[in-house]
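Everything below concerns the one structure shown next.
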Amino acid sequence: MTAVHTDIPARLDRLPWSRWHWRVVIALGVAWVLDGLEVTLVGSLGGVLERNDTLGLSAAQIGGAGSLYIAGAVVGALVFGRLADRWGRKKLFLITLAVYTVASFATAFSPGFLFFAFCRFMTGVGIGGEYAAINSAIDELIPARVRGRVNLAINGSFWVGAALGAGLSLVLLDPRVLGPVWGWRAGFALGALLAVAILLVRRDVPESPRWLIAHGRADEAEAIMQRIEAEVAAQHGPLAPVTDRLGFVRRAAPSMREVAHVLLRRYRQRSIVALSLMVSQAFFYNAIFFTYALVLTRFHGVPAGRVALYIFPFALGNVLGPLLLGPLFDRVGRRRMIAVTYTLSGVGLALTGAAFMAGWLTALTQALCWSAVFFLASAAASSAYLTVSEVFPLEMRALAISLFYAVGTGAGGFVAPWLFGVLIDTGSRGAVTVGYGIGAALVIGAGLIALRWGVNAERRSLEDIAPPMGSAGHR
């Protein structure tokens, strides 16, 4: 094994924010925009897809398709997450976007439930793979002092996609444009076209220099680092020198036994925190968002073609939460802010559920309550991905993200849409409120766990939070 000493992590962390960082954030962060677009299209089109002149789906089938999308994301995360640690971040964030593009475009040609469900599954495969590669690359390229707020803002961009999906469905379902029969198909096709454009932009994002160093490709890492510094210096002037050097020992990718040792023994408490955050936010979000259209149409009498209007206040709260609260995760600290956002969003959902059961809410006030709750919940959910991506070693970062995403989403996200579809089919407000209560209890519990065992990772380098498995130490 050959040891190499490098100052590249310190050089990345000391860079001033620049146009280069903006390009990376936009090119990679669009993964969440696409996810929001996909999820919202299905949510907004839920009522339309029940019509006999479209696909004639039942509420349970719509919820089931949502669960299959989540199942695909779990499979994609597990498969592509492992490969992202072996092959590199860049190869995988190009491959996964291509998978998403093909599957989303194919959805537009669905003749019935089975084909539609398969396409939703494959779309999820692409999105799930994106999470592991994208979050790894972002954390490894963004300076430590702003990593929290940038990560939360990127994850919150899901709701930019949500607003885009709502707007698309509203326009395309209008009888004066395409109408319900063809409008839903055009929505999926347009999502694929957006992905093609992003694929072209993403080609210019470099491989993570940290990953290259860990895999013995120090010359490539140095060449990339020099290009980045030259561009940033052209904008901001001479860069401050660094003295901190980290020693890496080149080694093979960790075996699953080594990964299990890190997760279950070395960082057991971190694993408990990560799992609780991922499971609770997955149930919380997927339960409500995959079935919100059904709640509006069944209990509030909103016409299927008008459902998308109600997503805008919902999306606004979700976008503003990470943007406004994100800086506090770097200033106040990870552990405290995770606890605050998780517990308060749980309390808010419980109160909304009680008001819904009592019949106090209209369609508009229901959407406004969701908006207020998810102002906090969006920051909370984004912090779960941030936590998983920064508290485990470099050599297994993408795999750790994929494992916790898979387990958390499989346990929380896969069950939630199906469960809420069944609860809504009962026609009982009380039954739906029970589902809200379960989601509230889960996130409150996760917030308390984070307060007790969370990591104070704010403004610290990734290598300080979790030394690489091949680290030879600082000198």
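Position 1 is the first residue of the sequence; numbering continues from there. Remember, it's a predicted structure, so these values are computed and weren't measured experimentally.
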I need the minimum non-hydrogen distance between [X] and [Y], along with the two atoms involved.
| X | Y | result |
| --- | --- | --- |
| Ala221 | Pro209 | CB-O, 3.6 Å |
| Val319 | Gly156 | CG2-O, 4.1 Å |
| Val279 | Gly408 | CG2-CA, 3.4 Å |
| Val99 | Met122 | CG1-O, 3.9 Å |
| Ser345 | Val443 | OG-CG2, 4.3 Å |
| Leu325 | Ala379 | CD1-CB, 4.0 Å |

For side chain to side chain contact (heavy atoms under 4.5 Å, CB included), just list the numbers for Phe284 and Phe374, CA-CA rounded to whole Å, side-chain angles, deciding distance to a tenth of an Å, and then say yes or no.
CA-CA 10 Å; Phe284 192 95; Phe374 282 88; 3.4 Å; yes
Write out all pairs satisfying salt bridge (charged side-chain N to carboxylate O under 4.0 Å, His left out) with one or both partners inside residues 373-384, taking only residues at least two apart or from two chains.
none
Per the salt bridge (charged side-chain N to carboxylate O under 4.0 Å, His left out) rule, what does the pair list look like for residues 339-365, sequence neighbours excluded?
none
Tell me, do [X] and [Y] make a side-chain contact under 4.5 Å, heavy atoms counted?
| X | Y | result |
| --- | --- | --- |
| Pro16 | Gln235 | no |
| Arg270 | Leu263 | no |
| Leu275 | Val407 | yes |
| Met337 | Glu458 | no |
| Thr352 | Leu361 | yes |
| Val205 | Lys90 | no |
| His21 | Val150 | no |
| Thr107 | Phe116 | yes |

Applying side-chain hydrogen bond (donor to acceptor under 3.5 Å, both in side chains), name anything that partners [X], two or more places apart in sequence or on another chain.
| X | answer |
| --- | --- |
| Arg23 | Glu231 |
| Asn135 | none |
| Thr341 | none |
| Asp85 | Arg89 |

Does CZ in Phe113 sit with more than 12 non-hydrogen atoms of other residues, nucleotides or ligands closer than 6.0 Å?
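It does: Phe113 CZ has more than 12 such atoms within range.
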Residues, nucleotides or ligands: over 12 heavy atoms within 6.0 Å of Trp17 CH2
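More than 12 within 6.0 Å, yes.
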Partners meeting ring pair (Phe, Tyr, Trp, His ring centres under 6.0 Å) with [X] (sequence neighbours left out):
| X | answer |
| --- | --- |
| Phe109 | Phe105 |
| Phe121 | none |
| Phe375 | none |
| Tyr131 | Trp32, Tyr385, Tyr405 |

Going from [atom1] on [X] to [atom2] on [Y], what distance comes out if it is rounded to the nearest 0.5 angstrom?
| X | Y | atom1 | atom2 | result |
| --- | --- | --- | --- | --- |
| Leu141 | Arg147 | CG | CZ | 12.0 Å |
| Arg120 | Ser110 | CZ | OG | 9.0 Å |
| Leu349 | Trp370 | CG | CH2 | 10.0 Å |
| Leu376 | Asn318 | CG | CG | 10.5 Å |
| Ile154 | Leu28 | CD1 | CG | 7.0 Å |
| Thr362 | Phe299 | OG1 | CZ | 15.5 Å |

Using only atom types and a distance under 3.5 Å, with no angle test, would you say the side chain of [X] pairs donor to acceptor with the backbone of [Y]?
| X | Y | result |
| --- | --- | --- |
| His215 | Trp211 | yes |
| Thr101 | Leu97 | yes |
| Ser383 | Ile338 | no |
| Arg185 | Ala108 | yes |
| His300 | Leu364 | no |
| Ser104 | Tyr100 | no |

Can you check side chain to side chain contact (heavy atoms under 4.5 Å, CB included) on Val388 and Leu277, steps first, answer last?
CA-CA 9 Å; Val388 174; Leu277 295 180; over 6 Å; no
By salt bridge (charged side-chain N to carboxylate O under 4.0 Å, His left out) - contacts of Glu220 (at least two apart):
Arg217
Taking only Lys NZ, Arg NE, NH1 and NH2, and the carboxylate oxygens of Asp or Glu, determine whether Asp204 and Arg227 approach each other closer than 4.0 Å.
no
Please report the C-alpha distance between Asn151 and Ile142 in whole Å, then the side-chain angles of each, then the deciding distance to 0.1 Å, and finally whether the side chain to side chain contact (heavy atoms under 4.5 Å, CB included) criterion is met.
CA-CA 9 Å; Asn151 203 299; Ile142 297 300; over 6 Å; no
Side chain to side chain contact (heavy atoms under 4.5 Å, CB included) assessment of Tyr342 paired with Gln281:
CA-CA 9 Å; Tyr342 265 78; Gln281 68 84 24; 3.6 Å; yes
In residues 397-404, what donor-acceptor pairs under 3.5 Å come from side-chain atoms, sequence neighbours left out?
{"unit_1": "Arg397", "atom_1": "NE", "unit_2": "Ser389", "atom_2": "O", "d": "2.8"}
{"unit_1": "Arg397", "atom_1": "NH1", "unit_2": "Glu140", "atom_2": "OE2", "d": "2.8"}
{"unit_1": "Arg397", "atom_1": "NH2", "unit_2": "Phe392", "atom_2": "O", "d": "3.4"}
{"unit_1": "Ser402", "atom_1": "OG", "unit_2": "Ala77", "atom_2": "O", "d": "3.3"}
{"unit_1": "Ser402", "atom_1": "OG", "unit_2": "Ala398", "atom_2": "O", "d": "3.3"}
{"unit_1": "Ser402", "atom_1": "OG", "unit_2": "Leu399", "atom_2": "O", "d": "2.7"}

